[in-house]
Amino acid sequence: MIYELSYLILLLPLLSFIVLGLAGMKMQHKTAGLIGTCSLSLVTILSYWTAITYFTADRTAEGVYQTIVPFNFTWLPLGNLHFDMGILLDPISVMMLVVISTVSLMVHIYSFGYMHGEKGFQRYYAFLSLFTMSMLGLVLATNIFQMYMFWELVGVSSYLLIGFYYPLKPAIAASKKAFIVTRFADMFFLIGILTFGYFTDSFSFSFAGDIVMGQGTTPFIEGNMAKAVAAGGFILPTALVLMFIGGAGKSAMFPLHIWLPDAMEGPTPVSALIHAATMVVAGVFQIARMFPLWIEYAPQAMSIVVWVGVITAFYAAAVACAQSDIKRVLAFSTISQIAFMMVALGVCLPGHHGALLDNHAQLGYMAGMFHLFTHAMFKACLFLGAGCIIHAVHSNEMALMGGLRKYMPITHITFLISCLAIAGIPFFSGFSSKDEIITACMAYSPVVGWIMTGIAAMTAFYMFRLYYGIFWGTENKEAHEHHTPHEAPLTMTLPLIVLCVITVGVGVYSTLAGFLGWGGSFGSFVSAAGTDYTIHFDTQIAATSTVIAILSICLATYIYKGESQPIADRLYKTFPKLHRAAYKRFYQDEIWQFVTHRIIFRCVSTPIAWFDRHVVDGTFNFLAWGANEGGESLRAWQSGDVRKYAVWFLTGTVALTLVLLAL
């Protein structure tokens, strides 16, 4: 049975990492790349085979997909609390297998052309294998502790890939920044896990007892009812919020987003992998994985997830409107879109006692997971397309682009399709998922719904500002005369075509299914309750969001399509401070620098360091000095001279005799 081979999904990229890490430098570039790519090809085949087998298998009597644990063993037993390692297959983990393997395989193929001739090519493919294995392990984890282990491996992998160009200082600074910020957030994740485990005697994702199938699985047992009551009342919501902070750091939610734009210092294919299928969606997956706990024990705390997502989505969209580096526009676009997913999960409406009583209550969950899937495909296409553009003009700046559509037709068409998808135009995949998110937001709160609609309009605007700045506008002939732009090789354009076919195919079917009530769309595979969820578009919301998106595209076309942009120039001259603030990311880096250096380091770290050096070290240094001086004083008594011993003996005897006589 295919489930018995599921361990190979983790083992193959791990072996690829070990082989390339230890022996890669002795191989030719092509050999190392083929090993990594063939390994991921097998992983992709196994992932698709697993998905087909899983989603076509018989369901339970209630029509719910089974949760299957083909492998699980207790790694470290601690009474009722134990650390397990295993593989868990359920709708969201199987869906993530498809997403991660597809995007990672496209990145592996694409990198053959993009990284050709780069020093450290073999090391690059080793790191890609480690990164992919880490994310696959995260989504297949059977418990929170195992998730945390792979969560940290994802952080290490991102550090290695972002800092791939280690001779360059910006790359090293960016990798350290990503590592430090995400480790800071992960500290809260770990505190939340420890709190959760202490009060519940469990690291399970759910207390429903449904994650116990398969041989070798040790069920979690409720060890103490008093602790369980305390956990349900206050501790469990607190633990979940602490774990959410870890997810917010990994998914670059405001104000822990500062590492992600600088992560663009890594190779562009790495940016596609980080932004589309790994790392930044880990926080979204964490909320989705522990969704039963949120719904049952902390439904009120989900408002925190909603408003963090709303603020992040608006902030990132505003910043993206002013960026000139094409990769940073896409980076802030990713932050905004991940925030859409967070909001979708947060607005999922529970019924009585946390139960998902009807399909409408599941809408936010389904929409969030659907947007994760669609976003992975078109955002990977956008980043890989940006890599083709950078490969052609040797710059990230839009000022050195313009008019590239006639030089790069395949990149132009695929980039346009991806822009239409993220803008939410019907018959492209982003329309269905984003429309369902807005519908769920409207049901939760009209205020949130209209805010997210406005942010969706901003998304369409800044993406077509980017599109026109690259492919239309004024061609920079001075820059192009030294190096005429050209289309990328097949190894780079083929992944773009594959990702675009998925984007259009999913978009066409899901759009028709949503309007005509067909089954078999995303909700038939992934839903909060595990049952079929048939997508039915709210015609009014769908029409409104589509009209607003088209108007935003028209506005961007009016301002940026021409060879000159007088309106944009006039707006810049009218609001220079606002434009400067948005370009500088509203000074978030400067604020963090001030907080860390002027407040934390000066007011907290410096006094603690002084106390450590002068009080703690001083106390122990004094004890050492006292012991040393005491030893020096007593050394004369242990000279080895028998005559001195006799004198001390007689002196002591006489003194003791006199004392006794005096008493």
Side-chain angles (χ1 to χ4, degrees), residues 185 237 240-241 243-258 260-261 280-281 283-288 291 294-295 298-322 331-350 361 363-372 374-375 379 422-424 430 433-463 538 541 544-545 548-549 552 581-582 585-586 588 591:
L240 290 172
V241 171
M243 286 189 268
F244 166 68
I245 295 174
K250 194 74 79 180
S251 290
M253 294 293 99
F254 184 90
L256 299 173
H257 66 282
I258 55 173
L260 190 58
V280 291
V281 299
V284 177
F285 180 82
Q286 181 216 79
I287 301 294
F291 191 73
W294 281 93
I295 282 290
Q300 293 80 14
M302 294 183 78
S303 61
I304 297 173
V305 179
V306 173
W307 287 105
V308 167
V310 169
I311 293 169
T312 303
F314 176 76
Y315 163 82
V319 173
C321 291
F332 280 100
S333 169
T334 297
I335 296 173
S336 184
Q337 296 305 302
I338 296 296
F340 265 86
M341 302 172 204
M342 286 288 191
V343 172
L345 292 174
V347 300
C348 200
L349 302 172
L363 179 58
Y365 182 94
M366 186 282 300
M369 291 294 96
F370 192 17
H371 199 56
L372 188 156
T374 59
H375 175 264
K379 183 53 64 70
I422 195 173
S433 56
K434 190 174 288 187
D435 185 78
E436 292 295 85
I437 290 176
I438 293 174
T439 302
C441 290
M442 288 291 187
Y444 176 82
S445 166
V447 173
V448 174
W450 282 109
I451 291 174
M452 298 310 290
T453 302
I455 298 171
M458 294 172 67
T459 303
F461 176 80
Y462 68 68
M463 286 307 303
D538 185 314
I541 293 176
T544 303
S545 61
I548 291 176
S552 299
R585 312 170 197 176
F586 294 101
Q588 286 299 304
I591 291 171

Could you tell me whether a side-chain N or O of [X] sits under 3.5 Å from a main-chain N or O of [Y], the two making a donor and an acceptor?
X: Ser251; Y: Val280; result: yes
X: Lys434; Y: His371; result: no
X: Tyr315; Y: Arg585; result: yes
X: Gln286; Y: Met243; result: yes

Within the 4.5 Å heavy-atom criterion, are [X] and [Y] side-chain neighbours or not?
X: Met342; Y: Val308; result: no
X: His257; Y: Thr312; result: no
X: Trp450; Y: Thr544; result: yes

What are the two closest heavy atoms between [X] and [Y], and how far apart are they?
X: Ile311; Y: Phe254; result: CG2-CD2, 4.1 Å
X: Lys379; Y: Ser333; result: NZ-OG, 3.1 Å
X: Val343; Y: Val310; result: CG2-N, 3.5 Å
X: Pro261; Y: Phe332; result: CG-CZ, 3.4 Å
X: Leu260; Y: Ala331; result: CD2-O, 4.1 Å
X: Met369; Y: Ala288; result: CE-CB, 3.6 Å

Please work out which of the three classes, parallel, tilted or perpendicular, describes the rings of Trp294 and Phe244, given edges at 30° and 60°.
->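 Rings of Phe244 and Trp294: perpendicular, as their planes differ by over 60°.
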Spatial distance of atom [atom1] ([X]) from atom [atom2] ([Y]) [nearest 0.5 Å]:
X: Thr374; Y: Phe370; atom1: OG1; atom2: CZ; answer: 6.0 Å
X: Asp435; Y: Thr453; atom1: CG; atom2: OG1; answer: 9.0 Å
X: Ile335; Y: Met253; atom1: CD1; atom2: CE; answer: 7.5 Å
X: Tyr462; Y: Ile422; atom1: OH; atom2: CD1; answer: 5.0 Å
X: Ile541; Y: Glu436; atom1: CD1; atom2: CD; answer: 9.0 Å
X: Ile338; Y: Thr334; atom1: CD1; atom2: OG1; answer: 6.5 Å

Kindly determine whether Phe291 and Met302 satisfy side-chain contact (heavy atoms from CB on, under 4.5 Å), including the steps that lead there.
-> CA-CA 10 Å; Phe291 191 73; Met302 294 183 78; 3.6 Å; yes
Does a sphere of radius 6.0 Å around CZ in Phe586 hold more than 12 heavy atoms from other residues, nucleotides or ligands, not counting ones at 6.0 Å or beyond?
->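 More than 12 heavy atoms, drawn from other residues, nucleotides or ligands, come within 6.0 Å of this atom.
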Centroid-centroid distance, Phe340 to His375, less than 6.0 Å =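 Between His375 and Phe340, which both carry aromatic rings, the centre distance is not below 6.0 Å.
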